Structure formats: C-alpha cells, structure tokens
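By convention here, the first residue in the shown sequence is residue 1. Predicted, not measured: the structure shown is a model, and the values here were computed from it.
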Amino acid sequence: MNFIKASILRYQLGSLLLLVLLLAVVLPLSLDIFRLNLVGKYLTYAFVAVGLVMVWGYGGVLSLGQGVFFGIGGYAMAMFLKLEASDPVTTKIQSTPGIPDFMDWNQITELPALWLPFKSLPLSLALVVLAPMALAWLVSFAMFKRRVGGVYFAIITQAVALICTVLIIGQQGYTGGVNGMTDLKTMLGWDTRTDGAKYVLYYVCVGLLVASIVLCRWIQTSKLGTLLLAMRDKEDRVRFSGYDVSNFKVFIFCLAAGLSGIGGAMFALQVGFMSPSFVGIVPSIEMVIFCAVGGRMSLVGAVYGALLVNAGKTLFSESFPDLWLFLMAGLFIGVTMAFPMGLAGLWEDTITPWWASRRQALRDAAVKPPPAAVSAPSPVAVPQVEPVLPEGIGRQRA
C-alpha cells in the first residue's frame, strides 16, 4: 500500500487518474456522439501539446513547426485509408481505376512509388511514427550539432512548416493539393463513420494519450529528465560536465515529433479527412498556445489546455461568428499575462497551497481541545464564630 502511494506521489498519478475519469467516464456519459467526436478531435491536438511540454518545457527548445509532424502522421494514415477507398470496383468510372480520384483528375495513370508502402496497414502505422521522427532527426541534427538554438531554431521550424505546406499544395496529383484527402470511410472494411466506430476510436485515442503521458512522465522522473532540466537552465555547465547536449535535444525533439504523428493519425481516423491547413505556420502556433495555456511544465495541464482552447474556439465561433477570433486572442493574452505558467501553475501555486493550509487548519481545530467553560466563583463558606462574652453577662441573660 505504501509503495502504491509513493508511486502515485512520485509520478503525479493523482491528476492523471482524474483526467482518465473525466475522459473515459464523465464525458462519454454526458455528451452525445457528435460532441464526443469533437472532444476526440481536440484530444488529437493534445498529443502535440504533450510533446511540446517535453521539448519546450523540459528541453528548453521552442518549436513553431509541430504542425508539420502532425500533418505527416495524418497524411500517412490518410494515404492508407484513401487507397482502401480507391479499389477498382469503387473507382471503375475513372479513366484509370484503382488509384485515388485526385490522381485521375491530374492525368496520372499509375500509382506512384511513394504510395506503395501505404497498401499495408502495419507499415502505414509504423510510418505514422517513423516518418515524422525521420524529418525531425534531419532538421534537429543539422541545427543542434551546429549549436543553433533559441529564436533561430524557432524561425527555422516555421520555415520548414511553410515549405511543407507549399510542397503539399503544389504536388496536387500526389497529395490532393489544397483540398487534401477526403472521403476516408473504412479501415480494413470497418466503417469508421458509424456511432459505434466513433466510440471505439475515441477510447483508442484516450488510451494512446494516457500511454504517451505515462511514457513522458517516466522520462521526466529518470536521469534523462534531470539532465534535460539542467540543460535547459545551464546548457554550458552540462556540456562542460562531459555530456553531448545536442544528442539530448535531438532525442527529445524526435520524441515530440513521434507523438505529434500519432495525434495526426488519430485525427485522420476520427475526422475522416486530412488537408494542408493543419501543416502550416498558423496551426503550429495554435498548438504552442495549447501548451502555454495548460502549462508548459505539466503534461496533464497541456491536455486541459488543448481541450479548453479548442472548446472555446468552437463555442465562440458558434455564438459569435464575427468576434470569435478576438475572443480567442483575449483568452490567450489574459491567461498568459495572469498565469505565466498556465493553468497548471495556477493550480500548483495558488489552489494547492490554499487547500493544504485549509486542511491543516481543520486538522488543528479537530485536535485542539475546546476551552473550559468559565463559571462564576462559588461563595466561600465563612465559619460562624460565636463571640466569647464575659461570664457575668451571660448568666444575667439566662
């Protein structure tokens, strides 16, 4: 029992258990399938926010291009789903049956070699993680080995996001162009549009997200996590201690890219399409906002940040279609100015100490004995002393 309690305190599993209770029990019981599917969409962004906690909060490396890795993972899954939806029977009206419709529109007569690995589901699932990590390794290895960091690295990641967006839009015959990949209906013959499938995909997304948080929390509590914090605060001191700082940065950046790829794949499965609008600079900056609002040092807080910001975006856009961008900007500016460490910082710095002091006051009040009742002093009995009279006077009275 003591071991379980110590593990919960060490790995901060209490907040994670509350998050699991909210996502796995409360929300499915209180929301209809449409709203629950929206929550599942929001949770796909939480993978990116969790990765940013590791690379930005712990590693000290701000990346403004995480949408690239989210998009690569999403396109990897979408390519498999699109090939399954483009079987020769379904596409018999095309001039070249058996290829995606946008290829036929662009007069491509055979499936490109780039698409061949995505005929296999296991290989596609592997590429969901490996393809973003490969690009992340290429960019980070080239930059960190030359000690390029800080604002320069953030600008470079923005440039990568812009290049990828232009490349996807320009190669319309291979990627679907600005319209992206649509009409993603089945996976191995399983219809992903039914209500039952949406529930299954939602719980798969929750399970993968919880597993990602546990993995990242394990890294944080290990020696590697300590080195990441030391590298963030005093990079030169860690380098002079004999560690190769660039390798740590490359590893944590690739880890964040892999998590983003998983989020993109779950997005393609739950939403049913993928487009370059999720790859560019604007969605990448929005993903940083999710992490900043939730708290860049808290894994669970990043999930709440993704849920809060996206729910606010949906609510504001439905209620105030002309003003919702201004309301979202006000929400972000207000939270970051009032709570620099996000909602998690507010909880740890304000609510937790207040609750601890409150509990201690109640405990002291229960242990301290009540003060004794003050009563009026009882009258002291004064003994009656019979006066001694002269002998003559007493006999005369008798």
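Closest non-hydrogen pair, F118 versus S124, comes out as CA-OG, 3.4 Å. Here the closest heavy-atom approach between residue M297 and residue G57 is recorded as SD-O, 3.1 Å. Across all non-hydrogen atoms, the minimal contact from S277 to P283 is O-CG, 3.3 Å. Here the closest heavy-atom approach between residue P117 and residue L114 is recorded as CD-O, 3.4 Å. Listed here is the closest heavy atom pair of Y199 and I33: CE1-CD1, 3.6 Å. Of all heavy-atom pairs between A161 and V68, the closest is CA-CG2, 3.2 Å.
Taking CG of L38 as the start and NZ of K41 as the end, the distance is 6.5 Å to the nearest 0.5 Å. In this structure, CG on L227 lies 11.5 Å from CD1 on I252, to the nearest 0.5 angstrom. Interatomic distance, L259 CG to S212 OG, rounded to the nearest 0.5 Å: 5.0 Å. To the nearest 0.5 Å, atoms CE (M287) and CG (L64) are separated by 12.0 Å. Between the CG atom in L184 and the CZ atom in R193 there is a gap of 10.5 Å [rounded to 0.5 Å]. Distance CG/L27 to CG/L307: 7.5 Å, rounded to 0.5 Å.
For the pair E84 and K185, the salt-bridge criterion is not met [side-chain N within less than 4.0 Å of a carboxylate O]. With respect to D244 and R239, no salt bridge is recorded, no charged nitrogen being found less than 4.0 Å from a carboxylate O. E235 and R147 are not joined by a salt bridge, as no carboxylate oxygen comes within less than 4.0 angstrom of a charged side-chain nitrogen.
Here the side chains of I213 and V303 are in contact, with some heavy-atom distance below 4.5 Å. Looking at heavy atoms from C-beta onward, K198 lies out of side-chain contact with L36 at the 4.5 angstrom threshold. T175 is not listed as a side-chain neighbour of L167, based on a closest heavy-atom distance of 4.5 Å or more. Between F102 and Q172, every side-chain heavy-atom pair lies at or beyond the 4.5 Å cut-off. A heavy-atom distance below 4.5 Å is not found between the side chains of F290 and Y304. For the pair I281/I285, a side-chain contact is recorded, criterion being any heavy-atom separation below 4.5 Å from C-beta on. Between V151 and L62 the shortest side-chain heavy-atom distance does not fall below 4.5 Å. Within the 4.5 Å cutoff, side-chain heavy atoms of L224 are placed close to those of F251.
Residues V282 and M274 do not share a hydrophobic cluster, defined by chaining ILVMFWY side chains whose heavy atoms lie under 4.5 Å apart. Tracing side-chain contacts under 4.5 Å through hydrophobic residues (I, L, V, M, F, W, Y), one reaches L208 starting from L81; they form part of the same cluster. Placement of F80 and L130 in two distinct hydrophobic clusters is found when ILVMFWY residues are connected by side-chain heavy-atom separations under 4.5 Å, directly or transitively. Hydrophobic cluster membership is shared by L188 and W115, with clusters built from Ile, Leu, Val, Met, Phe, Trp and Tyr side chains linked at under 4.5 angstrom. The hydrophobic clustering, which links ILVMFWY residues whose side-chain heavy atoms are closer than 4.5 Å, places L18 and L16 apart.
Of the listed residues (Q66, M133, M143), just one forms a side chain to side chain contact (heavy atoms under 4.5 Å, CB included) with F253, and that residue is Q66.
A donor and an acceptor atom, one from each side chain of T186 and D191, are nowhere located under 3.5 Å apart. With 3.5 Å as the limit, one finds a donor-acceptor pair spanning the side chains of Y42 and T314.
Checked by atom type and distance alone, the side chain of Q270 pairs as donor or acceptor with a backbone atom of G40 at under 3.5 Å. Without hydrogens or angle criteria, Y203 side chain to A24 main chain gives a donor-acceptor distance under 3.5 Å. Looking at T91, its side chain never comes within 3.5 Å of a backbone N or O of Q94 through a donor-acceptor pair. Panel note: side chain S298, backbone G295; no donor-acceptor pair is recorded below 3.5 Å. At least one donor-acceptor pair under 3.5 Å links the side chain of S222 to the backbone N or O of I219. Of the possible donor and acceptor atoms, one in the side chain of S140 sits under 3.5 Å from a partner among the backbone N and O of A136. No donor-acceptor distance shorter than 3.5 angstrom exists from the side chain of K249 to the backbone of G59, with no hydrogens or angles considered. At least one donor-acceptor pair closer than 3.5 Å links the side chain of S284 to the backbone N or O of G67.
Checked against the 6.0 Å centroid criterion, the rings of F153 and F144 qualify as a close aromatic pair. The ring of F70 has its center closer than 6.0 angstrom to the ring center of Y45.
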(request) Applying side-chain contact (heavy atoms from CB on, under 4.5 Å), run through K145 and N247 and close with a yes or a no. (result) CA-CA 8 Å; K145 285 297 182 180; N247 288 338; 3.2 Å; yes
(request) Determine, stepwise, if the pair E110 / I99 fulfils side-chain contact (heavy atoms from CB on, under 4.5 Å). (result) CA-CA 7 Å; E110 62 179 353; I99 63 174; 5.9 Å; no
(message) Set out, in order, the CA-CA distance, both residues' side-chain angles and the distance that settles side-chain contact (heavy atoms from CB on, under 4.5 Å) for R232 and Y58, then state yes or no.
(response) CA-CA 7 Å; R232 182 198 65 184; Y58 268 70; 5.6 Å; no
(request) Quick one: do L52 and R296 satisfy side-chain contact (heavy atoms from CB on, under 4.5 Å)? Show the steps, please. (result) CA-CA 7 Å; L52 280 169; R296 63 187 179 95; over 6 Å; no
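Heavy-atom contacts from other residues, nucleotides or ligands closer than 6.0 Å to CD of Q107 number 12 or fewer. Atom OH of Y174 has 12 or fewer heavy atoms from other residues, nucleotides or ligands within 6.0 Å. Around the CG atom of L29, the shell of radius 6.0 Å holds more than 12 heavy atoms that belong to other residues, nucleotides or ligands. The neighbour count for K119 NZ, taken as heavy atoms of other residues, nucleotides or ligands under 6.0 Å away, does not exceed 12. At most 12 heavy atoms of other shown residues, nucleotides or ligands fall within 6.0 angstrom of atom OH in Y243.
Using a 30° and 60° split on the angle between ring planes, F273 and F278 fall in the tilted class, from 30° to 60°.
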